[in-house]
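Data first, discussion second: the structure below is written as structure tokens.
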Amino acid sequence: MTETEKRPKDFIRTIIEADLRSGKHSGVVTRFPPEPNGYLHIGHAKSICLNFGVAGEYGGVCHLRFDDTNPTKEDVEFVDSIQEDVRWLGFDWGDKLFYASDYFEKLYDYAVQLIRDGKAYVDSLSADEIRAYRGTLTEPGRNSPYRERSVEESLDLFARMRAGEFADGAHVLRAKIDMASGNINMRDPTIYRIRKAHHHRTGDAWCIYPMYDYTHCISDAEEKITHSLCTLEFEDHRPLYDWVLDELATPCHPQQIEFARLNLSYTVLSKRKLLRLVADKHVTGWDDPRMPTIAGLRRRGVPPAAIRNFCERIGLAKRDSLVDVAMLEHAVREDLNAVAPRYMAVLDPIRVVIENYPDDQVEELDAVNNPEDPSAGSRVVPFSRVLYLERDDFREDPPKKFFRLSPGREVRLRYAYFITCTGVVKNDAGEIVELRCLYDPETRGGDAPDGRKVKSTLHWVSAAHAVEAEARLYDRLFTKEDPDDVPEGGDFTDNLNPASLAVVTAFLEPALAAVAPGTTVQFERLGYFCPDARDWTAERPVFNRTVTLRDSWARIEQKG
RNA sequence: UGAGGAGUGGGCUAAUUGGUAAGCCACCUGACUCUGGAUCAGGCGAUUGCAGGUUCGAGUCCUGCCUCCUCAGCCA
């Protein structure tokens with residue numbers, strides 16, 4: 001928390017500090033208010049980090065509140081997954097777990113009060129009629145013929161709505177504000193509708209449900225929230241938020257402050273589009289490692305700390321922006337580099353025979369687990385006469401600046417020996433099927449006593465000891481920075497990356513078969529990988545690639 | 001033609017609130033290295049949307065304009 005003083009203050013923290021200094025508030029209370037109708041994604045993580053972060057920094061608390069006012073869309077499956085995700089991200093709401101549905105009775109009483117005050121009325125227009133009366137963006141709306149209905153009649157109707165006397169859609173309760181307002185949200189917004197549906201928490205106790213605008217501000221006030229942080233699209237709703245709290249005698253009047261939601265390049269972050277990807281089977285589910293959901297990132301092997309650091313770095317402002325995924329990838333590598341244990345694995349093997357190495361000999365060589373962290377210790381890796389090397393690490397005709405293995409060239413096998421390529425074996429089709437090499441017994445462990453150097457160090461695996469596994473090589477889900485950038489008539493699925501997943505058989509050093517689930521490791525020189533939480537079996541280990549290592553050779557090669 | 005909001009290097013964000021544009025990501029060089037990783041050093045790159053004005057001095061103040069985003073659910 002000491003690094004927060006170095007970080008420049010965003011506009012929200014600036015406001016909060018001013019409120020604390022002026023004595024407007026003596027503490028801060030925030031809330032993260034998801035609707036339990038879907039999975040959390042990295043855009044939500046921005047909000048979670050903000051709300052819990054701010055509360056933590058100023059010695060306050062952050063509530064977790066489910067905005068569950070629409071029983072037709074919500075489900076306990078989502079309230080469970082949301083709690084799991086927030087906890088996994090590293091945040092704790094203590095005993096401050098709330099549900100908007102906890103306030104249904106109170107919300108009803110407040111609504112009755114609004115009617116009594118002549119500030120709300122039961123409207124009996126149909127949904128279509130209400131829309132027609134609402135006007136347009138440029139033309140004012142017209143008053144509903146029921147707008148001047150008596151307080152008594154509205155009270156009676158509202159009570160009977162609650163009692164279940166009417167069918168869905170027969171009546172609604174509307175706030176009486178201003179049908180001519182330039183802000184459409186103020187044109188007598190609906191605050192209650194009839195919905196004879198089973199609610200995941202209140203069951204069948206209610207058949208009328210309050211709308212978001214009416215519920216959210218009152219919930220905030222009841223919980224004594226000081227700063228209600230939400231995204232830009234609610235800016236237009238703030239006058240309504242304030243109107244409701246001004247009209248009612250609520251415990252307090254929180255301040256709503258809006259910030260720009262996160263947009264990430266090469267991905268989509270809207271519940272609707274994410275749902276499309278799942279429903280249309282473009283991915284295997286909400287936790288598909290290619291999904292920007294918290295569940296997907298977790299399964300991909302991204303550590304929660306990386307997500308938190310990412311959210312801290314992208315800043316906070318009011319302008320719409322598109323954050324480069326490279327920023328996320330950087331945060332992931334940065335975190336993993338420090339903590340991920342190293343192992344060797346070959347993804348695209350080429351067989352190598354060390355001709356001068358005894359046929360029946362096996363040596364156990366020491367290998368460092370993490371050069372960044374001496375306390376991680378070391379392990380032992382078996383070495384023998386026949387090895388697998390990465391096919392990419394050999395070129396029969398090496399281009400300039402290619403330092404890896406080629407005929408006549410000497411390289412180091414990591415933690416093992418120097419070897420020199422002496423021959424290439426090809427099949428009838430002319431494809432290389434095997435490399436013949438000689439090793440220098442004097443270089444055991446990786447150093448030459450005569451001090452000679454090699455230009456590169458390669459990873460390897462002993463063929464006889466290798467464990468076969470499935471490796472899922474993930475890449476960006478979309479080929480375009482903005483997936484919505486499509487020609488007329490197209491849609492974002494047109495930009496799906498056909499190569500977002502490549503499945504290969506990998507050959508692992510034996511120790512990798514025992515990696516604990518939930519830990520992300522580094523396959524040296526290749527990238528970070530983690531055991532798949534769903535499909536891993538002892539017979540067939542499955543590793544997901546979290547992110548590749550930075551690859552400067554690939555860049556050199558690309559430039560030609 | 002309504003209401004609300006936003007424009008700072010390629011991307012994201014900052015500027016003690018009128019004092020001469022900073023950081024991160026990306027990119028490029030070099031050093032170092034038993035990961036072409038990491039690390040370190042350096043570099044490229046902004047007349048702060050445009051045009052005026054006030055001022056000794058403007059990203060910050062004033063005027064006009066331009067561009068972009070959000071809103072017409074009985075969704076949140």
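No hydrogens, no waters, no symmetry mates; every other heavy atom, side chains included, goes into these values.
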Quick check on RNA chain B: between A:Pro210 and A:Leu458, whose nearest nucleotide comes earlier from the 5' end?
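Residue closer to the 5' terminus by nearest nucleotide: A:Leu458.
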Between A:Gly182 and A:His216, name the one whose nearest nucleotide on RNA chain B is closer to the 5' end.
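Whichever sits nearer the 5' end wins; that is A:Gly182.
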Determine which nucleotide pairs with [N], using a 3.5 Å limit on both distances of a Watson-Crick or G-U wobble pair.
N	answer
B:U33	none
B:G59	none
B:C75	none
B:C50	B:G64
B:A15	none

Using a heavy-atom cut-off of 4.0 Å across all strands, would you classify [X] as base, sugar-phosphate, or nothing?
X	result
A:Phe402	base
A:Leu137	base
A:Ala127	base
A:Asp447	base
A:Arg550	sugar-phosphate
A:Asn337	base
A:Lys455	nothing
A:Asp236	base
A:His237	base
A:Ile556	base
A:Phe234	base

Please tell me whether A:Tyr39 and A:Phe78 form a close aromatic pair, meaning their ring centres lie under 6.0 Å apart.
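Ring centroids of A:Tyr39 and A:Phe78 are less than 6.0 Å from each other.
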Interatomic distance where [atom1] belongs to [X] and [atom2] belongs to [N] [whole Å]:
X	N	atom1	atom2	value
A:Met186	B:G73	CE	P	17 Å
A:Gln522	B:G37	CD	P	11 Å
A:Trp553	B:U33	CH2	P	21 Å
A:Glu312	B:A14	CD	P	14 Å
A:Ile208	B:C74	CD1	C1'	13 Å
A:Glu235	B:C69	CD	C1'	10 Å

Polar side-chain contact [X]-[N] base: donor and acceptor under 3.5 Å:
X	N	answer
A:Arg404	B:G36	yes
A:Glu372	B:G37	yes
A:Arg342	B:U35	yes

Side-chain (A:Lys46) to main-chain (A:Glu312) donor-acceptor, under 3.5 angstrom:
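Pair absent, no side-chain N/O of A:Lys46 close to backbone of A:Glu312.
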With C1' as the reference atom in both, quote the distance from B:G9 to B:C28 in angstrom, rounded to an integer.
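One C1' to the other, the span is 15 Å.
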Are the side chains of A:Pro189 and A:Asp213 in touch, meaning some heavy atoms are under 4.5 Å apart?
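No; the side chains remain at least 4.5 Å from each other.
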Nearest 0.5 angstrom please: A:Asn370 CG to A:Ser375 OG, how far?
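Going from CG on A:Asn370 over to OG on A:Ser375, the span is 8.0 Å.
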Using a cut-off of 6.0 Å, state whether more than 12 heavy atoms not belonging to A:Lys455 lie near its atom NZ.
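It does not: A:Lys455 NZ has 12 such atoms or fewer within range.
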Would you please classify the geometry between the A:His199 ring and the A:Tyr209 ring as parallel, tilted or perpendicular, with 30° and 60° separating the classes?
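Judged by the thresholds at 30° and 60°, the geometry between A:Tyr209 and A:His199 is parallel.
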